[in-house]
Amino acid sequence: MQPLNVLVRDVLVADAPEVARLLTSLGYEWPADKIAARISQFLAGGERALVATQASGSSPEHLLGLLSLHVTPVLHRAGPVGRLTTLVVDESVRGQGVGRALVTAAEHIFAASGCVLIEVTSNKRRADAHAFYERLGYVGTSLRFAKTIAPGPR
Ligand SMILES: CC(C)(COP(=O)(O)OP(=O)(O)OC[C@H]1O[C@@H](n2cnc3c(N)ncnc32)[C@H](O)[C@@H]1OP(=O)(O)O)[C@@H](O)C(=O)NCCC(=O)NCCS
């Protein structure tokens, strides 16, 4: 399929309904007001999330994809580790370069932050995503051990 002409920009609080829509397609259903509050917190804390829109021919508010990222300082490497924390592309435009555009933009941010490694966790059942990451040069090296906990008082 022909690649789409994609613009990547930082997320805005006003994107909340579209972000909520994309997260729902990833299996995380949250109301837009909760997502708006999270985006506000995210931005206030210096965290970043990127969104993709179509460069022309579509409403600039309509999001094609979402990627959130985090720069993790570590002691055991020469520089921080960049982590892709969410990535989803609208089902209707998958396979047209949107995911690649978002990851490439994140890679530039990580490089500018001095990161020496980029990592991403992907559920074992997401075989398509694994093929995508491998295509972009990512190598499956680790197992993830996860445990849910009850949040304590802040
Ligand atoms: C995985 C996902 C983000 C990929 O985004 P996308 O926009 O469809 O991918 P792109 O079109 O940018 O593809 C980039 C490259 O990966 C390849 N690729 C993408 N999906 C692939 C697949 N399932 N199998 C093999 N290669 C694949 C493309 O062919 C392309 O290669 P090329 O640029 O050399 O032609 C998207 O399919 C998605 O949102 N999936 C559901 C949610 C998900 O799994 N998110 C990841 C959670 S960890």
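Each ligand, and each atom within it, is numbered from 1 in the order the structure gives.
The 4.0 Å heavy-atom shell around ligand 1 contains residues L26, L87, V88, V89, R94, G95, Q96, G97, V98, G99, R100, T121, S122, R126, D128, A129, A131, F132, Y133, R135, L136, ordered by chain and number.
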Identify each donor-acceptor pair in which a side-chain atom of residues 95-110 lies under 3.5 Å from a protein atom, sequence neighbours left out, and give them as a table.
| from | atom 1 | to | atom 2 | distance (Å) |
| --- | --- | --- | --- | --- |
| T104 | OG1 | R100 | O | 2.8 |
| E107 | OE2 | Y138 | OH | 2.6 |

Taking distance alone, no hydrogens or angles, what donor-acceptor pairs closer than 3.5 Å link side-chain atoms of residues 69-79 to residues at least two apart or in another chain?
| from | atom 1 | to | atom 2 | distance (Å) |
| --- | --- | --- | --- | --- |
| H70 | ND1 | E47 | OE1 | 2.8 |
| H70 | ND1 | E47 | OE2 | 3.1 |

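By the side-chain contact (heavy atoms from CB on, under 4.5 Å) test, E61 is found to be paired with S59, residues two or more places apart in sequence or in another chain being considered.
Of the listed residues (V51, L26, V89, D90), just one forms a side-chain contact (heavy atoms from CB on, under 4.5 Å) with L66, and that residue is V51. The salt bridge (charged side-chain N to carboxylate O under 4.0 Å, His left out) test with D15 singles out one residue from R38, R9, R21, and that residue is R9.
In the model, R144 has no side-chain atom that pairs as donor or acceptor with a side-chain atom of S122 under 3.5 Å.
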